[in-house]
Amino acid sequence: MKKTDLEKHLAKKLDGKLKSGTIPQRFGQGAKAVAAKAEAKPKESAPKLVQLTCKLPTDLAQRLREQAVTVEGGVNAILAQAARQWLESAAGASRKE
């Protein structure tokens with residue numbers, strides 16, 4: 001048997017397996033149920049978070065970790081608050097100019 005004939009034979013075999021297989025529920029009638037289920041879920045108003053990487057000096061990072069233990073939300077909450085305050089002060093400074 002030639003190599004091309006062998007490939008054709010394998011392709012026919014694979015095609016037969018694909019045609020005889022069952023359709024998964026996510027593609028068949030079950031797709032409607034999944035869509036309806038997704039629409040039924042209440043939309044949460046939690047803010048979307050974006051990963052941000054930064055490098056800090058060791059002593060500053062240690063102080064930040066120590067402070068984060070006492071704050072709800074941890075390091076993320078402290079950094080978000082600091083960034084918000086800095087942006088507000090930067091916006092105020094640019095208005096004065």
Side-chain angles (χ1 to χ4, degrees):
M1 189 181 273
K2 292 182 182 179
K3 183 172 173 127
T4 53
D5 292 335
L6 182 63
E7 293 294 329
K8 285 180 188 177
H9 181 59
L10 289 174
K12 285 182 182 179
K13 248 173 112 172
L14 180 62
D15 192 39
K17 284 182 183 179
L18 290 174
K19 286 182 181 178
S20 68
T22 60
I23 297 173
Q25 284 297 319
R26 65 176 182 248
F27 298 121
Q29 295 296 324
K32 292 179 185 175
V34 172
K37 190 176 180 182
E39 291 173 3
K41 281 186 180 178
K43 303 270 183 177
E44 293 182 16
S45 61
K48 187 174 184 178
L49 301 177
V50 178
Q51 183 175 348
L52 180 67
T53 304
C54 64
K55 294 186 178 190
L56 299 173
T58 306
D59 60 327
L60 182 59
Q62 185 60 36
R63 287 177 49 201
L64 183 63
R65 284 188 202 103
E66 290 169 359
Q67 187 69 25
V69 174
T70 62
V71 176
E72 183 180 337
V75 174
N76 291 331
I78 292 173
L79 290 177
Q81 180 183 10
R84 206 173 293 116
Q85 287 175 352
W86 181 80
L87 288 171
E88 288 171 0
S89 68
S94 67
R95 288 184 199 147
K96 290 180 184 178
E97 293 177 2

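Side chains included, hydrogens not; waters and symmetry mates left out as well; all remaining heavy atoms used. Computed from a predicted structure; not experimentally measured.
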Salt bridge (Lys or Arg N to Asp or Glu O under 4.0 Å) partners of residues 3-18, not counting sequence neighbours, each pair once: Asp15-Lys19
Pairs meeting criterion salt bridge (Lys or Arg N to Asp or Glu O under 4.0 Å) with involvement of residues 52-78, two or more places apart: none
Hydrophobic cluster (4.5 angstrom, side-chain heavy atoms) - remaining members for Ile78: Leu56, Leu60, Leu64, Val71, Val75, Leu79
